[in-house]
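Okay, structure first, notes after.
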Amino acid sequence: MNQSATKKTSKMVIVLNKIKTYFSKPQNIILLLFGIVLTFTTVAPIVAIVEDTFKIHPGTIDAHLTGKASGYSVANYADLFTSKLARTNLWTPLLNTVLLAVFTCLISILFGGLFAFLITRTNLKCKKYLSSIFIFPYIMPQWTLAVVWQNVFNSNAVTGTSNGLLASLFNITMPKWWCLGLFPSAVVLGLHYAPFAYILIGGIFRNMDANLEEAATILDTPKWKTMFRITLPMVKPAILSTILLVFGSAMGSYPVPHYLGLTTLSTKYISMNSKYTGEASILAIIMMIFGVAILLMNQMSLKSRKNYTTVTGKSGQISKINLGKVGKYLIAVILIVITFFTSIFPILSFALETFLPNPGDYSFLYTMDSSALTTKWWLTDENITENGMYGQKGILHNDTIWRAYKGTIWVSVCCALLAGTIGTMIGYAVSKSRRSKWANYVNSMAFLPYLMPSIAVGAAFFVLFSNEHINLFNTYTLLIIVGTIKYIPFASRSALNSMLQLSGEIEESAMIQNIPWVKRMTRIIIPIQKTSIISGYLLPFMTCLRELSLFMLLCTQGFILATTLDYFDEMGLYAFSSGINLLLIVTILVCNALVNKITGASLDKGIGG
């Protein structure tokens, strides 16, 4: 009897000791805590939106079809997939969405990859300037180039809107396929995400061992064969990473298709949400399935991926391709012109729009009469006189705009601090336990919301937190929660990559000295990898400032700048929306420049020049 009791006690002691040992390691506590939190914040919204597809909503199509005011039914699925409107509501938007995502990936990889090749592997001139300016389209709001496209190419004859620059000045009207639809949407999104490809592919090109290509040249291998058999396989991981990041983002883009007249799952979700609520939720789930599929494909590619050693101990010298005396200047001039139109022209265009008396009135350009311009959109300090401003005060005196600006800054700072801190802790914990299945699970859970289209994530949280039990709609709390969950990967990925570079001996030597974990992090680990960790805070801040797709379902127009811009666009006050665009771009560029100056953290650091 005593022996069995002793055995039980000893087993209990062993279990308790194991638990004590497990929790004595900070990384295990972090993984357990965030594993539970991220499972809830990722799975609960998905469950809520799946339930919403079966729910009967009073006053909507499912209530009409079932003849009930409440309960559950599969009527939404039957109607969306089999009704006469199935093609309009589902199949055409789905096809457009997939085509948009595929073409965006192609354009961003071709443009960004070619740019990376020219910067890193040739004797091109003006590399430093080109490398810095090429990042601008990603830093700026997603809809920037879409609005610029409208301002330049739209015409009253083709699009039924006010004339753009080409129609006003040169009487040139572009065809409808150029102004609206798939082509302009794919080009704009491709240019917006090209910096992704540039950063990822450029990093590999820069560190590539020249011996591999030199060996092929010695063996008299044709240039095209060297490119397809040696160079491209080595940049394949970077191309897969670009597809992984761009495909989901392009699928969930709302502003670009909205401005350029393309019906996608995102724009269809917004138009269907009031009367076809359950069917709109099905569209959101379809977008989520693509996100999960991308994650699974990434996991499979990681398992089956061949190892290409691009950095070795020999021949660090990269063989630069000679573009010729004229070529190195000519190509540089061409790229300077292209980057001017994608990076600098949008800022000038928005500034100009805010001084035009009416949208599309460029008459001062051919009369050279500056008195045709007006400052009313900026300086009007009363809203009584009818001056074509629909009772709005000028931008500098407009309470709605500045209240939204303060709200945007508050949400962005909170999201950056929370996502940055949580992401850094997850990155640290995963790097310390990377062979653990639980660590891989936490890492995947943290990354999954980023791969899901923004509009679908916003829709899921809208369903979860806007009901009779919990109602956080139109609160900063909800925007901060959703923004944090969406942007954790920015910090967790950069932290994980930087922590993997650190030798374990650095922290072990501090542990031998009995230095607490908090002190080890703040005095040793964070200072060593501060550039990567700061970028984990900077990226959520910049992305949150210009986010529309994620937040538009979670708050009213006028709550943050992105939704306020949408409000003024609907009112036809394009000068206000151009002013807000300008305000956002200037804020993002100033914050980016300040962080670069203070910390040296930069998106393109180490690639160009």
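Excluded from the calculations below are hydrogen atoms, water molecules and symmetry mates; all remaining heavy atoms, backbone and side chain alike, are included.
Applying the side-chain contact (heavy atoms from CB on, under 4.5 Å) test to Cys105 and every residue at least two apart in sequence or in another chain returns Ile243, Val246, Phe247. In this structure Tyr254 satisfies the ring pair (Phe, Tyr, Trp, His ring centres under 6.0 Å) test together with His258, sequence neighbours excluded. Not counting sequence neighbours, the partners of Ser249 by the side-chain contact (heavy atoms from CB on, under 4.5 Å) test are Tyr193, Tyr450. Taking the side-chain contact (heavy atoms from CB on, under 4.5 Å) definition, one finds that Asn443 meets it with Val430, Arg493, Leu496, sequence neighbours left out.
The CG atom of Asn96 lies 9.0 Å from the CG atom of Leu265; values are rounded to the nearest 0.5 Å. Between atom CD1 of residue Ile119 and atom CG of residue Leu130 there is a gap of 5.0 Å, rounded to the nearest 0.5 Å. Distance check, rounded to the nearest 0.5 Å: CD1 of Ile199 to OH of Tyr138 gives 8.5 Å. A distance of 10.5 Å separates CD1 in Ile135 from CZ in Phe196, rounded to the nearest 0.5 Å. Atom OG of Ser131 sits about 11.5 Å away from atom CG of Leu335, to the nearest 0.5 Å. Here the CG atom belonging to Asn151 is positioned 11.5 Å from the CG atom belonging to Leu166, to the nearest 0.5 angstrom.
Between Phe340 and Phe345, the two ring planes are tilted [angle within 30° to 60°].
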side-chain contact (heavy atoms from CB on, under 4.5 Å) between Ile401 and Phe568, intermediate numbers included: CA-CA 10 Å; Ile401 291 172; Phe568 284 123; 3.7 Å; yes
Full working for side-chain contact (heavy atoms from CB on, under 4.5 Å) between Tyr329 and Cys126: CA-CA 9 Å; Tyr329 289 101; Cys126 307; over 6 Å; no
Verdict with supporting geometry, Tyr129 and Ile336, side-chain contact (heavy atoms from CB on, under 4.5 Å): CA-CA 9 Å; Tyr129 166 78; Ile336 285 167; 4.1 Å; yes
Chi angles and distances behind the ring-ring contact (aromatic ring centres under 6.0 Å, His included) call for Phe111, Phe134: CA-CA 11 Å; Phe111 185 45; Phe134 191 74; 5.2 Å; yes
Residues Ile107, Leu189; criterion side-chain contact (heavy atoms from CB on, under 4.5 Å); working and verdict: CA-CA 9 Å; Ile107 292 166; Leu189 278 176; over 6 Å; no
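A donor and an acceptor atom, one from each side chain of Asn163 and Asn156, are nowhere located under 3.5 Å apart. No side-chain donor-acceptor contact under 3.5 Å links Thr161 and Gln150. For Asn581 and Trp143, the side-chain atoms include at least one donor-acceptor pair closer than 3.5 Å.
Side chain of Thr267 to main chain of Thr264: a donor-acceptor pair is present (N/O by atom type, distance under 3.5 Å, no hydrogens or angles). Checked by atom type and distance alone, the side chain of Ser343 pairs as donor or acceptor with a backbone atom of Ile133 at under 3.5 Å. Side-chain N or O atoms of Ser349 include none that pairs as donor or acceptor with a backbone N or O of Val148 at under 3.5 Å. Using modelled atom types, no side-chain atom of Lys486 and backbone atom of Gly458 make a donor-acceptor pair closer than 3.5 Å.
Leu260 and Cys179 make their closest contact through CD2-O, 3.9 Å (heavy atoms, listed as atom of the first residue, atom of the second, distance). Of all non-hydrogen atoms in Pro540 and Ala416, the two that sit nearest each other are CB-CA, 4.0 Å. The two atoms that bring Ser266 and Ile455 nearest to each other are OG-CG2, 3.3 Å, heavy atoms only. Residues Ala332 and Lys125 approach most closely at CB-O, 3.6 Å, considering heavy atoms. Smallest separation of non-hydrogen atoms from Leu118 and Leu124: O-CB, 3.8 Å. Minimum heavy-atom separation, Leu583 to Tyr405: CD2-CD1, 3.8 Å.
Atom OH of Tyr574 has 12 or fewer neighbouring heavy atoms from other residues, nucleotides or ligands inside a 6.0 Å radius.
Applying the side-chain hydrogen bond (donor to acceptor under 3.5 Å, both in side chains) test to residues at least two apart or on different chains, the pairs with a partner in residues 561-570 are Tyr259-Asp569, Gln557-Glu570, Asp569-Ser577. Counting only residues at least two apart or in different chains, side-chain hydrogen bond (donor to acceptor under 3.5 Å, both in side chains) contacts with residues 165-192 are absent.
Here the side chains of Val457 and Leu550 are in contact, with some heavy-atom distance below 4.5 Å. Side-chain contact between Phe490 and Leu538 is absent, with no heavy-atom pair separated by less than 4.5 Å. Two residues are said to be in side-chain contact when any heavy atoms from C-beta on lie closer than 4.5 Å; Cys591 and Met542 fail this criterion. Side chains of Leu589 and Ile347 form a contact here, defined as non-hydrogen atoms less than 4.5 Å apart. The shortest side-chain heavy-atom distance between Trp377 and Leu573 falls under the 4.5 Å cut-off. In this structure the side chain of Ser454 reaches within 4.5 angstrom of the side chain of Glu547, judged on heavy atoms. The side-chain heavy atoms of Phe103 and Phe183, taken from C-beta on, include no pair separated by under 4.5 Å. Side-chain contact between Ile488 and Phe447 is absent, with no heavy-atom pair separated by less than 4.5 Å.
Figure legend: Arg546 and Phe541 shown without cation-pi pairing, the cationic atom not lying both under 6.0 angstrom from the six-membered ring centre and within 45 degrees of its axis.
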